Amino acid sequence: MTILIEQPVLYESHVEGKNVQVVETNELVLDGGFQVPKYESKDGFNAPENNAFGQSFRDYEAESERQKGVEEFYRLQHINQTYDFVKRMREEYGKLDKAEMSIWECCELLNEVVDDSDPDLDEPQIQHLLQSAEAIRKDYPHEDWLHLTALIHDLGKILVLPSFGELPQWAVVGDTFPVGCAFDESNIHHKYFKDNPDSKCPAYNTKNGIYTDGCGLDNVAMSWGHDDYMYMVAKENGTTLPSAGLFIIRYHSFYPLHKEGAYTHLMNEEDIENMKWLKIFNKYDLYSKSKVLVDVEKVKPYYLSLIEKYFPKKLKW
């Protein structure tokens with residue numbers, strides 16, 4: 001069975017063979033002792049400015065055949081993603097009683113999911129995961145935890161499969177945002193939040209809502225989807241990935257934060273440090289999809305070794 005996901009984000013293939021200039025970044029040492037490299041490779045990944053339609057990436061105002069479907073997706077998401085709904089989902093999926101399997105088995109299971117949001121890329125999901133991971137591996141060869149993070153960041157999309165609840169698309173994909181506080185206007189199609197019950201709740205409709213300045217994103221409830229689910233699975237199964245890896249998994253769809261700069265008042269110092277890694281990762285996640293396929297069997301031994309290093313043999317899902 002193939003499940004189609006209409007994830008409302010445009011991804012296109014990138015132009016290969018171009019060099020990028022050396023880019024200096026802030027050095028950062030994480031809890032696990034991992035350090036952001038000061039320079040990217042001069043022969044590293046080059047992110048294009050426009051997609052195949054000649055439009056900017058994530059341009060939700062551009063005319064296209066999919067825009068009505070994308071807007072309807074966000075209408076449903078914005079109405080239904082309430083604080084109570086998120087609480088129920090975290091309680092239900094926090095039981096981790098849906099399956100027991102390895103990370104690689106989940107990668108193969110995800111091949112039953114085809115992302116229908118990408119009209120020029122209908123390859124199996126494992127190809128996007130490996131394309132992102134391999135692009136990062138080339139530019140950051142010594143950060144093996146980041147390679148593995150790229151491989152597993154979208155595994156939570158299995159939520160659309162019948163054995164994992166067959167959740168509606170608005171509860172699996174799309175941009176994420178905090179619940180329990182006011183919905184920032186930087187959220188895509190913000191107008192539909194007016195029909196979200198939380199918008200009328202005095203406890204939830206102020207800037208901070210139930211939170212406090214600097215409380216840390218780990219203490220903030222996020223809209224439910226594949227990001228939060230995979231974060232929960234990794235954390236509860238005792239992964240040894242550094243905190244930046246878990247941060248990337250949980251917040252890679254939190255575009256209001258890492259693209260628009262919203263909700264920063266909720267961040268603590270660790271969030272600010274980890275955000276540097278998320279910004280590095282995001283370029284590869286958003287722009288690395290390509291029709292040039294990765295030889296799965298060739299790279300599989302490398303990623304199996306990383307899985308063994310950072311995860312138990314079997315995980316509860």
Side-chain angles (χ1 to χ4, degrees), residues 5-11 57-58 60 70-90 92-94 113 115 117 128 132 149-150 152-160 165 167-190 192-193 196 198-199 204 207 209-211 215-235 244-267 271 274-275 277-279 281-282 285-286:
I5 292 185
E6 298 175 356
Q7 184 175 354
V9 179
L10 290 175
Y11 296 97
F57 284 88
R58 293 179 53 79
Y60 289 88
V70 170
E71 185 165 347
E72 175 61 12
F73 168 94
Y74 277 111
R75 186 185 72 84
L76 292 172
Q77 186 204 49
H78 292 354
I79 292 173
N80 291 293
Q81 288 274 2
T82 64
Y83 182 82
D84 287 343
F85 171 77
V86 169
K87 185 178 179 181
R88 291 198 306 272
M89 290 296 98
R90 287 187 62 85
E92 170 61 26
Y93 285 91
V113 178
D115 189 340
S117 73
H128 167 54
S132 299
T149 298
I152 69 174
H153 76 280
D154 272 348
L155 292 187
K157 288 181 180 180
I158 58 174
L159 288 173
V160 303
L167 294 183
Q169 294 174 14
W170 57 261
V172 180
V173 297
D175 288 10
T176 59
F177 47 86
V179 292
C181 62
F183 303 112
D184 190 88
E185 292 186 359
S186 65
N187 285 289
I188 293 171
H189 294 302
H190 178 271
Y192 294 116
F193 282 118
N196 184 305
D198 288 359
S199 293
Y204 301 148
K207 182 178 180 179
I210 62 175
Y211 311 113
C215 64
L217 294 179
D218 195 45
N219 296 307
V220 175
M222 298 294 297
S223 56
W224 179 252
H226 73 279
D227 311 59
D228 211 22
Y229 176 55
M230 188 58 213
Y231 163 79
M232 182 184 298
V233 169
K235 185 177 180 181
L246 290 172
F247 189 89
I248 289 169
I249 291 169
R250 193 180 191 197
Y251 303 114
H252 69 271
S253 299
F254 190 5
Y255 281 90
L257 173 71
H258 58 74
K259 184 175 185 291
E260 304 297 337
Y263 300 103
T264 54
H265 63 287
L266 299 175
M267 299 173 71
D271 295 330
N274 286 339
M275 178 73 106
W277 278 113
L278 178 55
K279 286 183 175 293
F281 170 83
N282 180 250
D285 182 31
L286 184 58

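Note that the coordinates shown come from a computational prediction; the quantities given were computed from them, not determined experimentally. These numbers come from the heavy atoms of this one structure, side chains and all, not from hydrogens, waters or symmetry mates.
- The two atoms that bring G216 and D271 nearest to each other are CA-OD2, 3.4 Å, heavy atoms only.
- For the pair V173/H226, a side-chain contact is recorded, criterion being any heavy-atom separation below 4.5 Å from C-beta on.
- The shortest distance between side-chain heavy atoms of H252 and F281 falls below 4.5 Å.
- Counting only N and O atoms by type, the side chains of T176 and D227 include no donor and acceptor under 3.5 Å apart.
- Every side-chain hydrogen bond (donor to acceptor under 3.5 Å, both in side chains) that D228 has, sequence neighbours left out, goes to R90, R250.
- For the salt bridge (Lys or Arg N to Asp or Glu O under 4.0 Å) test, residues two or more places apart in sequence or in another chain that qualify with R75 are E72.
- V86 and A221 get closest at one heavy-atom pair: CG1-CB, 4.3 Å.
- Inspection of the H78 and N187 side chains reveals no N or O donor paired with an N or O acceptor under 3.5 Å.
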Exercise for review: Evaluate the side chain to side chain contact (heavy atoms under 4.5 Å, CB included) criterion for residues Y204 and N196: first the C-alpha distance (whole Å), next the side-chain angles of each, then the deciding distance (0.1 Å), finally the verdict.
Suggested key: CA-CA 11 Å; Y204 301 148; N196 184 305; over 6 Å; no

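- Atom NZ of K235 is surrounded by 12 or fewer heavy atoms from other residues, nucleotides or ligands within 6.0 Å.
- Under the 30°/60° scheme for interplanar angles, the aromatic rings of W170 and F85 are found to be tilted.
- The only member of Y255, F254, F177, F183 that meets ring pair (Phe, Tyr, Trp, His ring centres under 6.0 Å) when paired with Y263 is F254.
- Taking 4.5 Å as the limit, some side-chain heavy atom of M222 sits within range of a side-chain heavy atom of Y251.
- A pairwise comparison of heavy atoms in L159 and A171 identifies CD1-O, 4.4 Å as the closest pair.
- Of the possible polar contacts, one joining the D198 side chain to the Y83 backbone as a donor-acceptor pair under 3.5 Å is found.
- Between L167 and W224, the shortest heavy-atom distance links the atoms CD1-NE1, 3.5 Å.
- Taken to the nearest 0.5 Å, the CD1 atom of I248 stands 5.5 Å off from the OG1 atom of T149.
- Nearest heavy-atom pair, V172 versus G156, reported as atom, atom and distance to 0.1 Å: CG1-O, 4.5 Å.
- Looking at heavy atoms from C-beta onward, Y231 lies in side-chain contact with D218 at the 4.5 angstrom threshold.
- Ring geometry for Y192 against H189 counts as tilted: the plane angle lies between 30° and 60°, on a 0 to 90° scale.
- A donor-acceptor pair shorter than 3.5 Å cannot be found between the side chains of H190 and D184.
- In terms of modelled atom types and a separation under 3.5 Å, the side chain of Q77 and the main chain of D175 share a donor-acceptor contact.
- Checking side-chain atoms of S132 against main-chain N and O of A150 turns up no donor-acceptor pair under 3.5 Å.
- Looking only at side-chain heavy atoms (C-beta outward), M275 and H258 come within less than 4.5 Å of each other.
- Remark: E185 pairs with no residue by the salt bridge (Lys or Arg N to Asp or Glu O under 4.0 Å) rule, at least two apart or across chains.
- Across every non-hydrogen atom of E260 and S186, the tightest pair is CB-CB, 3.7 Å.
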Exercise for review: Go through the steps to decide whether L217 and L257 satisfy the test side chain to side chain contact (heavy atoms under 4.5 Å, CB included), and finish with yes or no.
Suggested key: CA-CA 11 Å; L217 294 179; L257 173 71; 3.8 Å; yes

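- Side chain of Y93 to main chain of V233: no donor-acceptor pair is present (N/O by atom type, distance under 3.5 Å, no hydrogens or angles).
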